Trainee: 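Got a structure here, written out as structure tokens. Questions coming.
From a predicted model like this one, the values you see are computed outputs, not experimental measurements. Nothing fancy with the numbering, it's 1 onward along the sequence.
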Amino acid sequence: INKGDAVNILLQNNLSEHTNIHWHGLKIPALMDGHPDQLANAGGTFRYLFTVNQRAGLSWYHPHPHEITGKQVFQGLAGLFIINDAEEAALNLPSGQYEIPLVIQDKRITNAGITYNPSMEEVMAGFMGESIVVNAVYSPYTEVATRYYRLRILNGSNARVYNLAFSNNADMIIIGNDGGLLKNPVTVKEILIAPGERLDVLVTFNAVSVGSEIYLTSKEFGNGGDAQGKQSFRIMKFKVTSAATDTFIVPSNLSAISTIAASSAVKTRTFEISNAMEHHGYPMNDGMQMRHRINGKLFDTGRIDENVSANTNEIWVFDNSNGDEPHPMHLHGVFFRVLDRTGGRGNLIASESGWKDTVLVMPGERVRVIIPFESNTGKFVFHCHNLEHEDDGLMLQYQLS
């Protein structure tokens, strides 16, 4: 899609249950955003009509029906939505066969297909699979030449956080994230990417001899709770099969991104992410169950949790100080800037500059973001993008008016 294009998409629901589409990272009218209330019933349809009026970036889409989002995404309903514009085109980044979209997911694959049956413990930690697929392919590979490539990466997993790195310790040059291009490129050896987050990365194989095989891997990482970061594994293989002459030079400046002063915020809201016991839901031996909550509340579609004034800036604080699970927090309808992180890792990482729609809040961390709420009024949700957490109730609503 090009910036300025009008979009007209008909969702035909051939499932035996209701569904919808949330356009992740698009600033579009509330009634088109895929709120859990806006559903196509089994056998029904929903027509999405909107105009793309935002900068280039890698967005994506997936269903958002409350309590079955995790199931529908895990079993395959997700796709990429790539926006182009003149600013990005002027950079002459690697394109065509040298621009490779990568949707990274983990699945549980059996003879019966992709199974989704989380236990209570998996609702708490997130449902993770033992098979890593990229673009729905198991044990994937691609052939490359000795030149630069642009990798457009989505973590489309329900819950798994990846710590991306190359097996030959190659540089990854981050040029973009959820909201498009960064101001300047940043070079790293490894980078965390949580569910819902996107990365725009340049990598070159120019120093690799033809015939070599390089792997994109996920390395171990700390502070991810009991279930995350405990093992390293391969994600996909790059086979270097041909030599090439490459004249591409990484631009030193990518995009003009203005800062938003924290002092411009008219209000600060704090959201404590916690667990609490309940007497219903997934049963435990004693009849009690842990539930994920924000400020002690579970999602209720009939309740507006926050009222926000249009065309104002606010600071939102996601506080996981007392939590023991990672929470990638996602806001519908807006992009934001990450101000700072205290506790846990204690600072921002290379992919957290520029515009974001999802930010990872590890156990023990407190993250502040500043949000310019514009004139896109209506009812939106914000939630954890660990989809089991979201389905379990870790989601609230805000009304912009």
Trainee: Please examine the side chains of Leu91 and Leu181, heavy atoms only from C-beta on, and report whether any two atoms are closer than 4.5 Å.
Mentor: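 Leu181 vs Leu91: side chains touch.
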
Trainee: Measure the shortest side-chain to side-chain distance between Ile214 and Ser167 over non-hydrogen atoms and say whether it is less than 4.5 angstrom.
Mentor: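 Result yes, sub-4.5 Å side-chain heavy-atom pair found.
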
Trainee: Going by heavy atoms in the side chains, are Val381 and His64 under 4.5 Å from each other?
Mentor: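 Yes, their side chains come closer than 4.5 Å.
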
Trainee: Classify the angle between the aromatic ring planes of Phe373 and Trp316 as parallel (below 30°), tilted (30 to 60°) or perpendicular (above 60°).
Mentor: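 Aromatic pair Phe373/Trp316 classed tilted.
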
Trainee: Could you go step by step and tell me if Asn177 and Ser351 meet the side-chain hydrogen bond (donor to acceptor under 3.5 Å, both in side chains) rule?
Mentor: CA-CA 6 Å; Asn177 58 9; Ser351 56; over 6 Å; no

Trainee: Does any non-hydrogen side-chain atom of Leu39 lie less than 4.5 Å from one of Glu17?
Mentor: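 They are not in contact (no side-chain heavy atoms under 4.5 Å apart), so the answer is no.
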
Trainee: Looking at Asp226, I'd like to know if its CG atom is crowded, meaning that more than 12 non-hydrogen atoms belonging to other residues, nucleotides or ligands lie closer than 6.0 Å.
Mentor: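 No, not enclosed.
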
Trainee: Looking only at the aromatic ring of each residue, does the gap between the centers of Trp60 and His330 stay below 6.0 angstrom?
Mentor: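 When the ring centroids of His330 and Trp60 are compared, they turn out to be at least 6.0 Å apart.
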
Trainee: Kindly compute the distance separating CG (Asp391) from NZ (Lys71), expressed to the nearest 0.5 Å.
Mentor: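 Going from CG on Asp391 over to NZ on Lys71, the span is 11.0 Å.
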
Trainee: Anything under 30° is parallel, anything over 60° is perpendicular, the rest tilted; go ahead and classify Phe238 against Phe166.
Mentor: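 Phe238 and Phe166: tilted rings.
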
Trainee: Using the salt bridge (Lys or Arg N to Asp or Glu O under 4.0 Å) criterion, which residues pair with Arg234? Sequence neighbours excluded.
Mentor: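 For Arg234, no residue satisfies salt bridge (Lys or Arg N to Asp or Glu O under 4.0 Å) once neighbours in sequence are set aside.
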
Trainee: Using the ring centroid of each side chain, check whether Tyr98 and Phe248 are separated by less than 6.0 Å.
Mentor: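 Distance test on ring centres: not under 6.0 Å, no.
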
Trainee: Assess, by modelled atom type and distance only, whether the side chains of Asp106 and Ser157 contain a donor and an acceptor separated by less than 3.5 Å.
Mentor: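 The answer is yes; a qualifying pair exists.
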
Trainee: Quick test of your reading of the model: are Glu88 and Arg55 salt-bridged, counting only N-O distances below 4.0 Å?
Mentor: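 No, no charged N to carboxylate O under 4.0 Å.
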
Trainee: Does Glu87 pair with Lys3 as a salt bridge, N-O distance under 4.0 Å?
Mentor: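 Salt bridge between Glu87 and Lys3, a charged N being under 4.0 Å from a carboxylate O: no.
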
Trainee: Would you say His292 and His327 are linked by a side-chain donor-acceptor pair, where the criterion is simply a distance under 3.5 Å?
Mentor: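 Side-chain D/A pair, His327 to His292: absent.
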
Trainee: What is the ring orientation for Phe81 with Phe50, classed by angle as parallel under 30°, tilted 30 to 60°, or perpendicular over 60°?
Mentor: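 Answer is tilted, since the angle falls between 30° and 60°.
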
Trainee: So do the side chains of Gln228 and Arg160 get within less than 4.5 Å of each other, counting heavy atoms only?
Mentor: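 The answer is yes; the side chains approach within 4.5 Å.
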
Trainee: For the residue pair Arg108 and Phe74, would you count it as a cation-pi contact if the rule is NZ or CZ under 6.0 angstrom from the ring centre and within 45 degrees of the ring axis?
Mentor: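 Checked: cation-pi criterion not met.
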
Trainee: Quick one, His24 and Ser59 - any side-chain contact, counting heavy atoms below 4.5 Å?
Mentor: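 Not in contact.
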
Trainee: Taking the side chain as every heavy atom from C-beta outward, state whether Arg152 and Asp200 have any atom pair closer than 4.5 Å.
Mentor: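 Side-chain contact under 4.5 Å: yes.
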
Trainee: If you count every heavy atom of other residues, nucleotides or ligands that lies below 6.0 Å from Leu10 atom CG, does the total exceed 12?
Mentor: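 Yes - once you tally the heavy atoms of other residues, nucleotides and ligands closer than 6.0 Å, there are more than 12.
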
Trainee: Mind checking salt bridge (Lys or Arg N to Asp or Glu O under 4.0 Å) for Arg368 and listing every partner two or more places apart, or none if nothing turns up?
Mentor: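 Counting only residues at least two positions away or on another chain, Arg368 forms a salt bridge (Lys or Arg N to Asp or Glu O under 4.0 Å) with Asp340.
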
Trainee: Checking Leu192 against Arg345 for the side-chain contact (heavy atoms from CB on, under 4.5 Å) test, could you report, in this order, the C-alpha distance in whole Å, the side-chain angles of both residues, the deciding distance, and whether it holds?
Mentor: CA-CA 12 Å; Leu192 284 176; Arg345 290 169 290 162; 3.7 Å; yes

Trainee: With Leu102, which of Asn155, Leu80, Leu164, Ile153 fulfils side chain to side chain contact (heavy atoms under 4.5 Å, CB included)?
Mentor: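 Of the listed options, the one satisfying the test is Ile153.
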
Trainee: Please list, chain by chain and in numerical order, all residues satisfying ring-ring contact (aromatic ring centres under 6.0 Å, His included) with Tyr48, sequence neighbours excluded.
Mentor: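 Counting only residues at least two positions away or on another chain, Tyr48 forms a ring-ring contact (aromatic ring centres under 6.0 Å, His included) with Trp23, Phe46.
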
Trainee: Evaluate whether atom CZ of Phe233 has more than 12 neighbouring non-hydrogen atoms of other residues, nucleotides or ligands under 6.0 angstrom away.
Mentor: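 Yes, because the 6.0 Å sphere around CZ of Phe233 holds more than 12 heavy atoms from other groups.
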
Trainee: Could you pull out all residues at least two apart from Asp5 that satisfy salt bridge (Lys or Arg N to Asp or Glu O under 4.0 Å)?
Mentor: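 Asp5 satisfies salt bridge (Lys or Arg N to Asp or Glu O under 4.0 Å) with no residue once adjacent residues are dropped.
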
Trainee: Check whether the side chains of Ser321 and Asp319 place a donor and an acceptor atom closer than 3.5 Å, and report yes or no.
Mentor: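 The criterion, which ignores hydrogens and geometry beyond distance, is satisfied for Asp319 and Ser321.
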
Trainee: Could you tell me whether the side chain of Leu360 reaches within less than 4.5 Å of the side chain of Pro326, counting heavy atoms only?
Mentor: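 In short, these two side chains touch, coming nearer than 4.5 Å.
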
Trainee: Could you work out, with salt bridge (Lys or Arg N to Asp or Glu O under 4.0 Å) as the rule, every residue matching Asp357, not counting sequence neighbours?
Mentor: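 Only Arg198 meet the salt bridge (Lys or Arg N to Asp or Glu O under 4.0 Å) criterion with Asp357.
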
Trainee: Checking side chain to side chain donor-acceptor pair (under 3.5 Å) against Asp33, which of Gln38, Lys27, His332 comes through?
Mentor: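 By the side chain to side chain donor-acceptor pair (under 3.5 Å) criterion, Asp33 pairs with just one of Gln38, Lys27, His332: His332.
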
Trainee: Ignoring hydrogens and geometry beyond distance, is a side-chain donor-acceptor pair present between His383 and His66 at under 3.5 Å?
Mentor: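 No donor-acceptor contact under 3.5 Å links the two side chains.
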
Trainee: Quick check on Lys183: does its NZ atom have over 12 non-hydrogen neighbours (other residues, nucleotides or ligands) under 6.0 Å away?
Mentor: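 It does not: Lys183 NZ has 12 such atoms or fewer within range.
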
Trainee: Ignoring hydrogens and geometry beyond distance, is a side-chain donor-acceptor pair present between Asn184 and Asn253 at under 3.5 Å?
Mentor: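 Judged by distance alone, the side chains do pair up.
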
Trainee: So with a 6.0 Å cut-off around NZ of Lys267, is the heavy-atom count from everything else above 12?
Mentor: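 Incorrect, the count does not exceed 12.
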
Trainee: Can you name the residues that form a side chain to side chain donor-acceptor pair (under 3.5 Å) with Lys297, not counting sequence neighbours?
Mentor: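 For Lys297 the side chain to side chain donor-acceptor pair (under 3.5 Å) partners, ignoring immediate neighbours, are Asp305.
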
Trainee: Using modelled atom types and a 3.5 Å cut-off, is there a donor and acceptor pairing between side-chain atoms of Lys189 and backbone atoms of Asn169?
Mentor: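 Yes.
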
Trainee: List the atom of Pro372, the atom of Asn313, and the distance in Å for their closest heavy-atom pair.
Mentor: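 The pair with the smallest heavy-atom distance is CA-OD1, 3.2 Å.
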
Trainee: Going by distance alone, is a donor N or O of one side chain under 3.5 Å from an acceptor N or O of the other, for Gln72 and Thr19?
Mentor: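 Yes, a side-chain donor-acceptor pair sits under 3.5 Å.
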
